2 protein chains.
Amino acid sequence: MKDVAARAGVSLGTVSNVLNRPERVSDRTRRRVETAIETLGFVRNESARQLRGGGSRTLAYVVLDTSNPFFTDVARGIQETADAQGLVVYLCNSGDDPHRQAAYLDLLEQQRVEGVLITPADAADPGIAALARRGMPVVVVDRGAGPDRCSVTVDDVLGGDLATTHLLDIGHERIAFIGGPRALGQVADRIAGAERALARAGRGALTVLETTHLDVSEGRRAGERLIGLPAARRPTAAFCANDLLALGLLQQMVRLGLRVPEDMAIVGYDDIEFAEAAAVPLTSVSQPRHLLGRTAAELLLAEAHGGADHEHRQVVFDPELVVRTSTRPHP
Amino acid sequence: MKDVAARAGVSLGTVSNVLNRPERVSDRTRRRVETAIETLGFVRNESARQLRGGGSRTLAYVVLDTSNPFFTDVARGIQETADAQGLVVYLCNSGDDPHRQAAYLDLLEQQRVEGVLITPADAADPGIAALARRGMPVVVVDRGAGPDRCSVTVDDVLGGDLATTHLLDIGHERIAFIGGPRALGQVADRIAGAERALARAGRGALTVLETTHLDVSEGRRAGERLIGLPAARRPTAAFCANDLLALGLLQQMVRLGLRVPEDMAIVGYDDIEFAEAAAVPLTSVSQPRHLLGRTAAELLLAEAHGGADHEHRQVVFDPELVVRTSTRPHP
DNA sequence: CTCACATCTTGAAACGTTTCACAGCCGAGG
DNA sequence: CCTCGGCTGTGAAACGTTTCAAGATGTGAG
């Protein structure tokens, strides 16, 4: 900036004015400074600016897993809101590693970002609470949070209920739930929802096939287990805790020569892009991912601007059932 | 830091030493400072540190589209290399929008990141060249670059050749290429590779079904067009420019009651996770995504440390064919 | 007891901005 | 002719670190 000032024959302060309040500078001077900036290839040093007091104009989203389309859609919603405010979003991929998550949180705090959105690998990480205590706005995304924090989630109990009610409606009596481990809050909630639907309809218990992960290969394995059951007890429909399981299950059914939905109806969860693209398009429970992200970002901004009198809110959205071929006969 | 120093009863310089060269401080003092840091909840201000001369310890990857699994895998490779060097990677999603891309580049330069990896939305953006001219290390990922820049790519001509040769090998004579628009370098290269394979085998011309995008719905549409062809001329195999097209095509075949691979063999490209998870697991051309990312990051670091005598390199990797059920009969 | 030397600590300069009180200048009004 | 107010532009302080030369303190040898 000193060089620019010298070249334009003005003072440092004037260059700064051109950059930050151009209306306070006469046209002639402004143009002179601008050409100096141009020819010298000057680029403002953000560190210095920030040090002097300007905010960082930056948010961060610490994502659980960037390779999961669900989260990248959430991220897009966040970015949209941030964009509208002239803020930039840094995506940090914790890869479900609490250690990496902690490292990122440290770094972001040192960087003095305006706020942190996080889908925690380790929700119990005391680093999150500590961060918030020191005054950093924090919003938890797609995971519950206590009353002392903002969060946005989707009602998984309702989702489980919707899926199961749909299967009951189209006449299924023996329904399997596929997913796990049960220790995951979301899995437990979806099971609870399914059981609620069954109870309301006065039907028997849910057959739960617990899996170790929520991925495609576990879906395939669940398919084998399902087929292994005696025909009299074998479920005619499966509600999967996510679409990856459902895709794996579908694949296994096709491989074994069973028809979907005639021999086995399948409902997934998340409604990822590939649910619709599957050979038999999958019925799935869709979450408002985009809205989730936008709302999270809005809460964060409210907290950042609200100061001490900010009220923490826990927003819960309703999922929606998207019915496709995997639960209805081909036309 | 001043507060920490006061509380620990030492000077500012000593606190800094504890943070940066703890071995130069006596154990007693160090412990005193550390507890002061702890109780005060002190967090170093990265801006000030950077301003004073420390580098930013930060790389950035400006991604074309975070929702494409291909790029997130590349990103993981980048992160891995960065991690090993104690660097952090910021993911910036341009969403294929040249304007957003330019905004990110500006910001990253102001932020003085150590280097930028980019899969450009607009390869011709003069901002990239300008950035490099001003001394910022830049590596182009998955897109070609001139000799004055480092880049990492995969040989798409070879990929097209591999896919087509495989189809020829298993006895197909009429082969369709599905993909577009042709203006995309990668599409053109894959077609060139396919034609090279055909020419080498002394076979006739490729049937090219050009699409407007590389997505699932275009794959479905291509399936309809394929079926509409007179049986005598109808191809028995399709080579799709990416897996999304292949999945759409597969879906349409299933819907129309055609068997894959018996009635129509399908080869995809990219080998995304869902290629293997499809009802009929897809044969696909796999790119070394992870390696792509790692190598890109390594080139970037070399450029960052190499100084003026750095030699720009354009690294080209070979793709690999992964054969699955969609081009071979069920067992 | 003194000196040389090693170890530990200190204080001030420097990094590149922004901000703010203030100085020049000019034209208008009295 | 003087004063006042409105524009422009200026210069120095401040932001929170790191670094480095130099000071303080302690140790061992002679």
Side-chain angles (χ1 to χ4, degrees), chain A residues 1-37 40-58 86 88 106-114 134-136, chain B residues 1-37 40-58 86 88 106-114 134-136:
Chain A
M1 234 166 93
K2 207 162 48 181
D3 296 348
V4 171
R7 173 144 198 143
V10 297
S11 78
L12 259 180
T14 300
V15 178
S16 177
N17 280 336
V18 169
L19 259 32
N20 301 299
R21 292 108 98 200
E23 76 283 359
R24 299 177 67 95
V25 178
S26 74
D27 277 10
R28 222 168 62 80
T29 313
R30 184 170 47 69
R31 270 195 297 273
R32 219 146 24 100
V33 172
E34 280 167 350
T35 51
I37 288 178
L40 261 44
F42 163 80
V43 175
R44 172 209 257 138
N45 182 324
E46 179 64 20
S47 293
R49 169 178 185 280
Q50 205 170 313
L51 177 56
R52 179 48 224 262
S56 67
R57 313 292 297 158
T58 298
V88 178
D106 271 6
L107 219 88
L108 293 168
E109 189 175 13
Q110 294 184 15
Q111 220 93 242
R112 301 292 192 272
V113 296
E114 301 283 357
R134 282 186 227 104
M136 171 78 75
Chain B
M1 234 166 94
K2 206 161 49 182
D3 296 347
V4 172
R7 175 150 196 135
V10 297
S11 78
L12 259 180
T14 300
V15 177
S16 177
N17 280 336
V18 169
L19 257 33
N20 302 297
R21 291 107 99 203
E23 75 283 358
R24 299 175 67 97
V25 178
S26 74
D27 278 10
R28 221 169 61 80
T29 312
R30 185 170 48 68
R31 269 194 297 274
R32 214 144 29 96
V33 172
E34 280 166 351
T35 51
I37 288 179
L40 261 46
F42 163 79
V43 176
R44 175 209 255 133
N45 183 322
E46 178 65 20
S47 293
R49 169 177 186 279
Q50 205 169 313
L51 178 58
R52 178 49 226 258
S56 67
R57 314 291 297 159
T58 298
V88 178
D106 271 6
L107 220 89
L108 293 168
E109 189 175 12
Q110 294 184 15
Q111 218 95 242
R112 301 292 193 271
V113 296
E114 301 283 357
R134 283 186 225 105
M136 172 79 74

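Worth saying up front: this structure is predicted, and the values here are computed from it rather than measured. Chain identifiers are assigned alphabetically (A, B, ...) following the order of the sequence lines, protein sequences preceding nucleic acid strands; residue numbering begins at 1 within each chain.
- Over its length, the helix from dC1(C)-dG30(D) to dG30(C)-dC1(D) turns its helix axis by 60°, as judged from the five terminal pairs at each end, rounded to 10°.
- Using a 4.0 Å heavy-atom criterion, one finds that S26(A) contacts the sugar-phosphate atoms exclusively.
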note = Per-nt protein contacts along nucleotides 15-27 of chain C (heavy atom under 4.0 Å; B base, S backbone sugar-phosphate only, - none) come out as BBBBB--------
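- Interatomic distance, I37(A) CD1 to L19(A) CG, rounded to the nearest 0.5 Å: 5.0 Å.
- Annotation: side-chain contact (heavy atoms from CB on, under 4.5 Å) contacts of N45(B) (sequence neighbours excluded): L51(A), R112(A), S47(B), A48(B).
- Between T14(A) and the phosphate of dG9(D), there is no side-chain N or O to OP1/OP2 separation shorter than 4.0 Å.
- Not a single side-chain contact (heavy atoms from CB on, under 4.5 Å) links D106(B) to another residue, sequence neighbours left out.
- Residues meeting the side-chain contact (heavy atoms from CB on, under 4.5 Å) test with L12(B), sequence neighbours left out: M1(B).
- Here CE of M136(A) is found 8.5 Å from CD of E114(A). Values are rounded to the nearest 0.5 Å.
- Side-chain N or O atoms of R7(B) include none that pairs as donor or acceptor with a backbone N or O of K2(B) at under 3.5 Å.
- Contacts of R30(B) classified as side-chain contact (heavy atoms from CB on, under 4.5 Å), with partners at least two apart in sequence or in another chain: V18(B), P22(B), V25(B), D27(B), E34(B).
- The environment of CZ in R134(B) is crowded: more than 12 heavy-atom neighbours from other residues, nucleotides or ligands sit within 6.0 Å.
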